[in-house]
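Residue numbering restarts at 1 for every chain, and letters A, B, ... go by the order of the sequence lines. In what follows, every heavy atom counts, from backbone to side chain, and hydrogens, waters and symmetry copies are set aside. This structure is a prediction, so every number in the text was calculated from the model and none was measured.
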Protein chains: 2
Amino acid sequence: MTGTTHPPKDAPELRFERPLTTVDLVVFTLREDQLQVLLVQRPDRPKEPFPNDWALPGGFVDVHKDASLQACAQRKLKEKTGVDTPYLEQLGSWGGAARDPRGWSATHVYFTLLPITGVTLQEGGNSQDAQWFPVDSGVQHQTLAFDHAEILRVAVQRLRAKVEYTSLPAHLLPQPFTLPQLQKAYELVLGRAVDKSGFRTRMLAASFLEETGPIDVGAPRLAMGYRMNADQPLAYFPRTFSPRSDH
Amino acid sequence: MTGTTHPPKDAPELRFERPLTTVDLVVFTLREDQLQVLLVQRPDRPKEPFPNDWALPGGFVDVHKDASLQACAQRKLKEKTGVDTPYLEQLGSWGGAARDPRGWSATHVYFTLLPITGVTLQEGGNSQDAQWFPVDSGVQHQTLAFDHAEILRVAVQRLRAKVEYTSLPAHLLPQPFTLPQLQKAYELVLGRAVDKSGFRTRMLAASFLEETGPIDVGAPRLAMGYRMNADQPLAYFPRTFSPRSDH
DNA sequence: GAAATAGTGTCTGTAAGACATTATATT
DNA sequence: AATATAATGTCTTACAGACACTATTTC
């Protein structure tokens, strides 16, 4: 380990301009019967780009605090939401000369799904205002800071695609949950109804759920409660959901 | 555009240490009836990490040459292979304090599939020796430079997973190709046989192929030639390949 | 016509979609 | 008992897998 200084003194061949390196988060939750995403408002200070615009939470990698990109994402998530998420997936990276007026920059984007119940939005710090926005309220096409509108669009697309053949939406619910609740989560994310019978067969066949006993969720009848198998953060189904009408 | 200098003079709040930013490539091809991957040998020079070890082709982002990460990947691919690939997908990014002895670094990894016929390996430059290695010859578990063994493992996993439900292997063949050739490409990537009848139905149903007329590929009988639909770099199948025996 | 490969047809199995029906709780 | 929701059953359809069969070319 030679140790890197800024500017690097010990390695002449490394004396070239380095891009800025950031990590951004796309945090999804279910709130008010809608799929929502967490955004923060850019500060209104001199030299800060996109003042007052909404942006994905995130920021610069701190080479002294963060052992890795994933660790950096976890840290930022914890700072904003107080949550240690069990599911954090890399969405991809975006980098170029034009995306940040401060210079050539590359961001590593992670996305996560959280039950709203576990979240307590942290005020202050770099993110004056953190706020939830419904994904289908036009946020995707509003002018977010940087290229975050594009990133959010890709994130939503990836989420919806993946929900068609994985157990992802289970992470949106506090445990234990019932199958009707899980089905509703799927329907809210996909934006369409799903057949109950097929849904249940499919979920139970994937064996990523464990029974926890009947639950009263305010319905006339008790429903079986389930929690996710601890060792299986994500189950893959043999086919995608796809209504007949598509063909 | 404020313009970034090194060190930045105009933005006190940006005077922190920046990670190194690189782009690496996982280049797959079909060669000698095997799935192979392109590796380059690390130079044996003072201050260069992992001297003589094999590594994925790639290198530092050049903020003056490269408009974006994708452009950087295209440039490096062209430099090494002389190819302008029609298919370049981001695999993900790897970053951390420990992966490069020169300091905190993050690499953005792209992968591509090429017909071997179009490639002419470029000698000299930063990559003394570029060479093809069969994926299943233990390269995945050899000690590659940096964390490239891990990256390669993920790339192979992603490729094999995606081949189960997409038209990816078509990019491994020079056009036009025949369906038997395409099937062989699938079988080589997947490492198992695939049923002919189902395969053909599936490929033709996906309608990403255009007939180009019968071809003589040295077989006793002519076969229909196909090329990929120009506007469809990747077709998705409704289900994955999966032999009965799995269930 | 023998041989080898290209291409097609038939049967079966799996799992989803559609929708009807039964079960269980509350009022 | 009425009602609302939970859970199950039945029928159909799509499409892959297995495997047998036909077609076309060269020798």
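To the nearest 0.5 Å, the span separating CD on Gln34(B) from CH2 on Trp132(B) amounts to 13.0 Å.
Between Trp54(A) and Phe133(A), the ring planes lie perpendicular to each other; the angle is over 60°, past the 30° to 60° tilted range. Ring-plane geometry between Phe237(B) and Phe241(B) is classed as perpendicular, the angle between the planes exceeding 60 degrees on a 0 to 90 degree scale with a lower cut at 30.
Computed from coordinates, the Gln183(B) CD to dT8(C) P distance equals 13 Å when rounded to whole Å. The separation between Tyr186(B) atom OH and dG17(D) atom P is 12 Å, rounded to whole Å. Between Ile215(B) atom CD1 and dT25(D) atom P the separation is 14 Å, expressed in whole Å. Spacing between atom CZ of Arg200(A) and atom P of dA16(C) amounts to 14 Å, rounded to whole angstrom units. Taking atom CZ of Arg192(B) as the reference point, atom C1' of dA16(D) lies 12 Å away to the nearest angstrom. The CG atom of Asp195(B) sits 15 Å away from the P atom of dC21(D) (whole-angstrom rounding). Atom pair Tyr236(B):OH and dC15(D):P shows a separation of 19 Å (rounding to whole Å applied). Atoms CD (Glu164(A)) and P (dA16(C)) sit 13 Å apart, rounded to a whole Å.
Remark: of the listed residues Val163(A), Leu172(A), Thr29(A), Val26(A), Leu172(A) is the sole one forming a side-chain contact (heavy atoms from CB on, under 4.5 Å) with Leu113(A). Tested against Glu164(B) for a salt bridge (Lys or Arg N to Asp or Glu O under 4.0 Å), the candidates Arg192(B), Arg239(B), Arg202(B) yield a single pass: Arg192(B).
At a cut-off of 3.5 angstrom, counting only N and O atoms as typed in the model, there is no donor on one side facing an acceptor on the other between the side-chain of Arg239(B) and the base of dA15(C). Side chain Ser197(A) to base dG9(D): a donor-acceptor pair is found below 3.5 Å.
Contact detail for Leu159(A) and Leu168(A): the closest heavy-atom pair is CD1-CD1, 3.9 Å. Contact between Leu234(A) and Tyr236(A) at its shortest, heavy atoms only, is CD2-OH, 3.7 Å.
Of the residues in residues 217-229 of chain B, those placing a heavy atom less than 4.0 Å from an atom of DNA chain C are Ala219(B), Pro220(B), Arg221(B), Leu222(B), Ala223(B), Met224(B), in numerical order.
Five base pairs at each end of the helix from dG1(C)-dC27(D) to dT27(C)-dA1(D) define two local axes, and these are offset by 10° (rounded to 10°).
The Arg202(B) side chain lies nearest to dA16(D) when the options are dA18(C), dA16(D), dA7(D). Comparing dT8(C), dA15(C), dG17(D) by their closest approach to the side chain of Phe241(B) singles out dG17(D).
Contact of the Leu114(A) side chain with the Val27(A) side chain is registered, since non-hydrogen atoms from C-beta on lie closer than 4.5 Å.
Toward the 5′ end of DNA chain C lies the nearest nucleotide of Thr178(B), the other residue of the pair Asp216(A) and Thr178(B) mapping further downstream.
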Return all side-chain donor-acceptor pairs below 3.5 angstrom for residues 174-191 of chain B, not counting sequence neighbours, or 'none' if the list is empty.
from      : atom 1 : to        : atom 2 : distance (Å)
Thr178(B) : OG1    : Gln181(B) : N      : 3.2
Gln181(B) : OE1    : Thr178(B) : N      : 2.9
Gln183(B) : NE2    : Glu187(B) : OE2    : 3.3
Gln183(B) : NE2    : Val194(B) : O      : 2.7
Lys184(B) : NZ     : Asp33(B)  : OD2    : 3.2
Tyr186(B) : OH     : Thr166(B) : O      : 2.6
Glu187(B) : OE2    : Val194(B) : N      : 2.8

